Number of protein chains: 2
Amino acid sequence: MNLKTLAQKLGLSPTTVSRALNGYPEVSETTRARVSAAAKAANYHPNTQAKRLATGRAMAIGHIIPISDRHEIVNPVFADFIAGAGEVYARKGYDMVLTIVPDDEEARAYGELRSKGNVDGVLIHAPRVNDHRVTMLQSLGLPYVLHGRISGIETSYSWVDVNNVRAFERATNFLLDLGHQRIALINGISDMDFARRRRRGYERALESRDIPIDAQLITEGEMTEAQGHDHARAMLALPNPPTAFLTASLLSAMGTRRAVEEAGLVMGRDVSIVTHDDELGYLKNGTAQEPIFTATRSSVREAGRRCATMLIAQIDSGNRQPISELMETVLVLGQSTGPAPSR
Amino acid sequence: MNLKTLAQKLGLSPTTVSRALNGYPEVSETTRARVSAAAKAANYHPNTQAKRLATGRAMAIGHIIPISDRHEIVNPVFADFIAGAGEVYARKGYDMVLTIVPDDEEARAYGELRSKGNVDGVLIHAPRVNDHRVTMLQSLGLPYVLHGRISGIETSYSWVDVNNVRAFERATNFLLDLGHQRIALINGISDMDFARRRRRGYERALESRDIPIDAQLITEGEMTEAQGHDHARAMLALPNPPTAFLTASLLSAMGTRRAVEEAGLVMGRDVSIVTHDDELGYLKNGTAQEPIFTATRSSVREAGRRCATMLIAQIDSGNRQPISELMETVLVLGQSTGPAPSR
DNA sequence: ATGAAAGCGCTAACAC
DNA sequence: GTGTTAGCGCTTTCAT
C-alpha cells in the first residue's frame with residue numbers, strides 16, 4: 001500500500017492525502033477524518049526512504065561506538081544511556097543508528113555518515129581530555145550533542161553532563177563526616193574527562209578540610225573488578241593504609257571489597273566503601289551498616305533522554321548555537337533502609 | 001556533491017558514472033579508473049536515501065529491544081552481541097537500527113518497521129519459551145534470525161545458538177570430577193529459553209552419574225549480584241548444604257561468593273563456584289586453587305557476527321528457507337595459569 | 001561502451 | 001480546500 005493507491009481508493013489526490021496525514025491545516029476536517037480512517041484500515045505507513053529523500057531529512061540519529069578499547073560498549077552505563085535516548089527517538093519518530101568502528105576509523109565514519117546522509121546528527125560518548133571529535137563535527141557541520149564535557153577545549157559546544165565534581169565531592173564529604181581521614185580514590189582512566197572531574201571533586205573535599213592529598217591513595221584504570229581488587233590490595237599493604245575507598249564503578253567496588261576481605265578486614269568496621277553506581281545495596285558503610293550508594297544509572301538514563309531531546313531540538317530548529325545542560329546526579333548516601341535491597 | 005554534478009565534471013552521463021562506481025562490467029576500465037579517481041577526489045558518496053528508494057532496499061538491519069523488563073538491554077552480554085553484529089554490518093555496508101520499545105508494543109514495532117521499509121530484516125534476542133515473535137515475523141514476511149532457540153515451537157525457523165546444554169553439562173561434570181555431590185544451580189529466569197537448556201545440561205550430567213536431582217538446589221531469577229547472594233545464602237542454610245555452585249552469570253557468581261564468605265566458609269576449600277562467563281579469573285575452584293571460568297562473552301560476540309552474516313545472506317539471496325547454526329561455547333575449565341588474571 | 005528516459009514514493013511549490 | 005507538477009538522487013530498462 002502506497003500513497004498513490006490509497007489516494008485512488010479515496011478518490012483524492014496524493015497531495016491531499018499526504019497533507020491530511022501530516023496534519024497540514026488547509027485540509028478540511030471531514031476529509032482528514034476520512035483519510036486517516038482509510039489509512040488505518042489499510043494499515044498504511046508512508047515509505048520511510050521516500051519520505052527521507054523528499055524531505056532531505058534522514059529522521060535518524062547516529063551513535064558511533066569505537067570498539068578497539070573495549071571500555072565503552074561493554075560499559076553497562078552505556079546501555080542505560082542508549083535506553084534513555086531510544087525512548088525519545090521512538091516518541092519523535094527517529095531511528096537510532098549504531099555504528100561500530102575500529103578506533104582509528106572514527107573520523108572517517110563521521111564523514112561518511114555525513115556525506116551519505118544517513119543521519120541528521122550524532123551523539124558523542126565518553127569524551128576524553130582534549131577530545132578532537134567535537135571540532136571535527138563542527139567543521140563537518142553535522143549537528144551533535146556530547147554526553148560529557150571536554151576539559152582542554154576552548155570553543156563552545158553542545159553538551160549534557162552530570163555534575164561529577166559535585167557528586168564526588170559529596171561522596172568524599174560523606175566519608176569525611178564519618179570520621180575517615182585516609183580516603184582512597186579508585187578512579188577511571190585518567191584520559192577520560194569524567195575521571196578527571198571526579199578526581200577534582202574528591203580533591204576539593206579534602207582540601208576544604210585541610211587534609212593533604214596523598215598520591216598513593218589515588219589510582220586509575222579500566223573500571224573492572226580486577227582493577228578494584230588489585231589497586232585496593234596494593235593500597236591496603238601501605239604502611240598507612242586507607243580506611244575508606246571511593247570507587248568510580250560497581251565492578252571496581254566489588255573488587256575493592258574482595259581485597260578488603262582477603263586482607264582479613266571487616267567491611268563496615270575496619271573499612272568503608274562508597275561508589276558511584278546504584279545496584280549497590282550490599283555495600284555497607286563504615287558506621288551504620290547501612291547501604292550506601294549513589295544512583296548513577298538512573299541519572300545516565302535521564303542523560304540519554306536529555307541528550308536526544310536537545311539534539312532533536314537543534315536539528316528541528318536548524319539552530320547551530322551550542323547549548324548545554326548540567327545535571328545533578330541522583331545521589332543517595334547512607335540510605336536508612338533495613339537490609340540491603342535485593343532487586 | 002551528487003551524481004549529476006560529478007558526471008558533468010567528467011563529461012559523462014550519470015548512468016555511466018553510476019555503473020562505473022557500482023562495478024558493472026559494461027563500462028571500460030579506463031573510464032572506471034577516471035571515475036573512481038574523480039569520486040575519491042571530490043569525496044563523493046552516493047546519497048543513501050536515494051539509493052534506498054531506487055533499489056528498494058533499506059541496507060539496514062533492525063534490532064528491537066523491549067525495555068520494560070530490564071534484563072535485556074542491561075545485560076553486558078547484549079553489548080558483546082551488538083559489537084559482533086556491528087562489525088559485520090560495517091563491512092557489508094549495512095546500518096544497524098536499534099529500536100527501544102515498551103514490552104507490549106513489540107509486535108507493533110515489527111509491523112511498522114516492515115511497512116515503513118526502514119529495515120531489510122531483524123535480529124531477535126533473548127527468546128522466551130513459547131516465544132511468539134518468530135511466527136509473527138514469518139507471517140509478516142520480514143527476514144529474521146533468532147539469537148537462541150524456542151523450545152515450545154513446532155515450525156522451523158532461522159537461528160544461531162550456543163550449545164547451552166553441553167556447556168552446562170560439561171561444567172557440571174567438571175565439578176563432579178572434583179568430587180562434589182551437592183551441586184547447586186543458580187539459573188536465569190526460567191521463562192528464558194537458554195535458562196531451560198542450561199538446566200537440562202546440569203540435570204543430564206547429574207543423571208548420568210545417578211545423582212538425584214534436588215529441587216532445593218536449583219533456583220532461578222534475574223542474574224544479579226543480589227540474586228546470587230540471596231539464593232546462595234538460603235541454600236547454605238539448608239541442613240545438607242551444597243559444596244559447589246554453578247551460576248549462570250558473572251554477577252550471580254559474585255553474589256554467591258559473598259554469601260559463601262559471609263557464611264564463614266572458605267572459597268576453594270569448603271565451596272567451589274563455576275560460572276558461565278569469562279572475566280572471572282578471580283573465582284577459584286575447589287581443589288586446585290586455579291581460576292575457573294567458561295568464556296561466554298567472546299562466544300557471544302562471535303554469535304553476533306554469525307547472526308548478522310546469516311541474516312545478510314538470507315536477504316541478499318532472497319532465500320526464505322530457515323537455516324540455523326549451533327555453536328560450541330568457548331569453554332575454559334580449570335585453566336592452569338598461575339595467579340588470577342587481571343585484565 | 002555510453003546515454004536518454006522513466007521511475008522509486010513521497011513532499012512542496014504553485015495554481016485553481 | 002484540493003489538484004497539478006516538479007523534483008529529491010539514485011538505479012535501471014531500453015536504445016544506440
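Values below: all heavy atoms of this structure, side chains included; hydrogens, waters and symmetry mates excluded. Keep in mind it's a predicted model, so treat the numbers as computed, not measured. In the text below, chain A, chain B and the rest are named by the order of the sequence lines, each starting its count at 1.
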Is [X] close enough to [N] that one of its side-chain N or O atoms is under 4.0 Å from OP1 or OP2 there?
| X | N | result |
| --- | --- | --- |
| B:Asn22 | D:dT11 | yes |
| B:Thr55 | D:dT12 | no |
| B:Ser18 | D:dT11 | yes |
| A:Tyr44 | C:dG9 | no |

Gap between atoms [atom1] and [atom2], on [X] and [N] respectively (whole Å):
| X | N | atom1 | atom2 | answer |
| --- | --- | --- | --- | --- |
| B:Lys51 | C:dC8 | NZ | C1' | 15 Å |
| A:Asn118 | D:dC8 | CG | C1' | 16 Å |
| B:Leu6 | D:dT11 | CG | P | 12 Å |
| B:His45 | D:dC10 | NE2 | P | 12 Å |
| B:Arg52 | C:dC10 | CZ | P | 16 Å |
| A:Gln8 | D:dG3 | CD | P | 12 Å |
| B:Arg57 | C:dG7 | CZ | C1' | 19 Å |
| A:Lys116 | D:dC8 | NZ | P | 22 Å |

Open item on the list: Looking at A:Asp131 and A:Arg149, is any side-chain nitrogen of the basic one under 4.0 Å from a carboxylate oxygen of the acidic one?
Closed with: no
Open item on the list: If I compare all heavy atoms of A:Pro143 with all of A:Leu311, which pair ends up nearest, and what's the gap?
Closed with: C-CD1, 3.9 Å
- [ ] Specify the residue among B:Ala50 and B:Val27 whose closest nucleotide of DNA chain C lies further upstream toward the 5′ end.
- [x] B:Val27
TODO: Take B:Glu26 and B:Leu53, find for each the nucleotide of DNA chain C with the closest heavy atom, and name the residue whose nucleotide sits nearer the 5' end.
DONE: B:Glu26
Donor + acceptor pair across side chains of [X], [Y] (<3.5 Å):
| X | Y | result |
| --- | --- | --- |
| B:Thr15 | B:Ser18 | no |
| A:Arg57 | A:Tyr94 | yes |
| A:Thr31 | A:Ser28 | yes |
| B:Asn118 | A:Asp95 | yes |
| A:Tyr144 | A:Gln314 | no |

- [ ] Please figure out whether B:Tyr24 or B:Gln49 has its closest DNA chain D nucleotide nearer the 5' end.
- [x] B:Gln49
Look for any protein N or O under 3.5 Å of an N or O in nucleotides 3-5 of chain C and output each such pair with its distance, or none.
{"residue": "C:dG3", "atom": "OP2", "partner": "B:Ser13", "partner atom": "N", "Å": "2.9"}
{"residue": "C:dG3", "atom": "OP2", "partner": "B:Ser13", "partner atom": "OG", "Å": "3.2"}
{"residue": "C:dG3", "atom": "OP2", "partner": "B:Thr16", "partner atom": "OG1", "Å": "2.8"}
{"residue": "C:dG3", "atom": "N7", "partner": "B:Arg19", "partner atom": "NH2", "Å": "2.7"}
{"residue": "C:dG3", "atom": "O6", "partner": "B:Arg19", "partner atom": "NH1", "Å": "2.9"}
{"residue": "C:dG3", "atom": "O6", "partner": "B:Arg19", "partner atom": "NH2", "Å": "2.8"}
{"residue": "C:dA4", "atom": "N6", "partner": "B:Thr15", "partner atom": "OG1", "Å": "3.0"}

- [ ] Counting heavy atoms from C-beta on, name the nucleotide in C:dG9, C:dA1, D:dC10 closest to the side chain of A:Asn2.
- [x] C:dG9
